[in-house]
Chemist: 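Here it is, the structure in full.
Only heavy atoms go into these numbers, but all of them, side chains included; no hydrogens, no water, no symmetry mates. Along the sequence shown, residues carry numbers from 1. Quantities reported herein were computed from a predicted structural model and do not represent experimental measurements.
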Amino acid sequence: MNRRTLLGAVALSAFAAGMPGLIRPALAETDPAKPEVPDMVIGNPDAKVTVVEYASYTCPHCANFHARVFKDLKANYIDTGKIKFVYREVYFDRYGLWAAMVARCGGDMRYFGIQDMLYAEQKDWSGAGGAVDVVNALRKIGLKAGLTNEALDACLQDGAMAEAMVAKFQADSAADGIDSTPSFVINGKKHSNMGYADFAKVLDDLLAG
């Protein structure tokens, strides 16, 4: 998707459409109650190499990356402590935002497990039908991950958090010049989507340097 699509698809009114009450009026920048939106991080926080992935839960290329590349990247570089891996959500549409809200509903400990489910079942929930059908499909994923209906209701109805997530996405993606997904910022340098062999070479060169 191009930059216009990436940054133009995040109007809050578009996210709110079809799910009344999800988005409340924007909070002022100085509002102390504005929620923080932490980066989702795994791996070694003190690693020599930091990988930042920008991806959308409704992006087929992102789902393909996580099915074909990420599992080996995790086994060989993240779980072994060689790199710090940061996942930053991109929102092309309201469905991607809602999926991210469900993933974050599980907290740091469950986030990447729910992420696996969202990508593995992407075609099922993203193509479930209208907004209500998609929310119900996402709710089923959350329930399978051990969340309660009450917790999911609270997360999906948290308009302040939704706005804060969108604001963070806009700021981060603009700062890093992100115009497609998945994209990666590796030790400050932007890279486009790539296979495992190319990814490993970039990491190995940095680790050896």
Side-chain angles (χ1 to χ4, degrees), residues 15 19 22-23 34-47 50-128 131-169 172 181-182 184:
F15 287 139
M19 194 170 182
L22 176 64
I23 305 297
K34 186 174 181 178
E36 294 184 3
V37 184
D39 279 329
M40 308 311 294
V41 182
I42 51 175
N44 178 5
D46 300 317
T50 296
V51 176
V52 180
E53 178 186 6
Y54 283 88
S56 167
Y57 286 122
T58 55
C59 161
H61 296 295
C62 302
N64 185 65
F65 173 82
H66 277 261
R68 297 178 179 272
V69 179
F70 182 75
K71 61 180 181 179
D72 290 332
L73 188 69
K74 185 174 185 299
N76 297 326
Y77 292 92
I78 299 173
D79 292 345
T80 56
K82 292 181 179 179
I83 69 171
K84 173 185 176 182
F85 186 89
V86 181
Y87 183 88
R88 289 182 177 170
E89 301 142 349
V90 170
Y91 313 123
F92 291 126
D93 47 49
R94 54 185 174 163
Y95 296 169
L97 174 65
W98 298 345
M101 293 173 78
V102 169
R104 286 180 177 271
C105 198
D108 293 350
M109 295 298 293
R110 289 179 175 172
Y111 182 88
F112 285 96
I114 295 175
Q115 177 184 93
D116 289 343
M117 298 167 69
L118 288 168
Y119 277 130
E121 302 176 33
Q122 184 188 79
K123 291 182 180 179
D124 296 330
W125 63 262
S126 65
V132 172
D133 298 315
V134 170
V135 169
N136 287 337
L138 288 170
R139 182 183 297 275
K140 288 180 181 179
I141 290 176
L143 292 172
K144 283 194 294 183
L147 303 178
T148 65
N149 273 310
E150 292 75 16
L152 288 163
D153 284 341
C155 291
L156 286 168
Q157 293 171 14
D158 191 345
M161 175 56 78
E163 290 177 4
M165 289 167 66
V166 170
K168 174 175 169 55
F169 148 65
D172 288 344
T181 57
F184 306 90

Chemist: Rounded to the nearest 0.5 Å, how far apart are NZ of K168 and CE of M161?
Modeler: 11.5 Å

Chemist: So, E53 versus H66: side-chain donor-acceptor pair below 3.5 Å or not?
Modeler: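 Note: E53 and H66 side chains meet the donor-acceptor criterion.
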
Chemist: Where is the tightest heavy-atom contact between P35 and A160, given as atom of each residue plus distance?
Modeler: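 Of all heavy-atom pairs spanning P35 and A160, the closest is CG-O, 3.6 Å.
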
Chemist: If I take atom CZ from residue F92 and atom CG from residue L97, how far apart are they, to the nearest 0.5 angstrom?
Modeler: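 Atom-to-atom, F92:CZ and L97:CG are 13.5 Å apart.
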
Chemist: Given the side-chain rings of Y87 and F70, with only the six-membered ring counted for Trp, is the space between their centroids under 6.0 Å?
Modeler: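 Ring centroids of Y87 and F70 are no less than 6.0 Å from each other.
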
Chemist: At what distance, to the nearest 0.5 angstrom, does OH of Y91 lie from OG1 of T58?
Modeler: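 Taking OH in Y91 and OG1 in T58, the distance rounds to 11.0 Å.
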
Chemist: If you round to the nearest 0.5 Å, how far is CZ of R139 from NZ of K144?
Modeler: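 So the gap between those two atoms works out to 14.5 Å.
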
Chemist: Going by heavy atoms in the side chains, are V134 and W125 under 4.5 Å from each other?
Modeler: yes

Chemist: Please examine the side chains of I114 and L147, heavy atoms only from C-beta on, and report whether any two atoms are closer than 4.5 Å.
Modeler: yes

Chemist: When you look at H61 and T181, which way does the side chain to side chain contact (heavy atoms under 4.5 Å, CB included) test go after all the steps?
Modeler: CA-CA 7 Å; H61 296 295; T181 57; over 6 Å; no

Chemist: Please report the shortest heavy-atom distance between A103 and L118, naming the atom on each side.
Modeler: CB-CD1, 3.9 Å

Chemist: Would you say the ring centroid of Y119 lies under 6.0 angstrom from that of Y57?
Modeler: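 They qualify: ring centres under 6.0 Å apart.
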
Chemist: Taking atom OG1 of T148 and atom CG of L143, what is their separation to the nearest 0.5 Å?
Modeler: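 T148 atom OG1 to L143 atom CG measures 8.0 Å (nearest 0.5 Å).
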
Chemist: With the threshold set at 4.0 Å, does a side-chain nitrogen-carboxylate oxygen contact exist between R104 and E89?
Modeler: yes

Chemist: What pair of heavy atoms forms the shortest contact from K82 to N76, and how long is it?
Modeler: CD-O, 3.6 Å

Chemist: Spell out, as yes or no, whether a donor-acceptor pair under 3.5 Å connects the side chain of D93 to the backbone of Y95.
Modeler: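 Yes, D93 side chain to Y95 backbone: donor-acceptor pair under 3.5 Å.
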
Chemist: Taking atom CD1 of I141 and atom CD of Q122, what is their separation to the nearest 0.5 Å?
Modeler: 10.0 Å

Chemist: Could you walk me through whether Y54 and D172 satisfy the side chain to side chain contact (heavy atoms under 4.5 Å, CB included) test, starting with their C-alpha distance in whole Å, then the side-chain angles of each, then the deciding distance to 0.1 Å, before giving a yes or no?
Modeler: CA-CA 9 Å; Y54 283 88; D172 288 344; 3.5 Å; yes

Chemist: Restricting to non-hydrogen atoms, name the atom on A55 and the atom on P182 that form the minimum distance, rounded to 0.1 Å.
Modeler: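 The pair with the smallest heavy-atom distance is CB-CB, 4.5 Å.
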
Chemist: Quickly, which of V86, I78, I83 forms a side chain to side chain contact (heavy atoms under 4.5 Å, CB included) with V51? Name it, please.
Modeler: I83

Chemist: Which atoms form the tightest heavy-atom contact between M101 and L156, and what is the distance?
Modeler: CE-O, 4.0 Å

Chemist: Please check if the number of heavy atoms outside D108 that lie under 6.0 Å from its CG is greater than 12.
Modeler: no

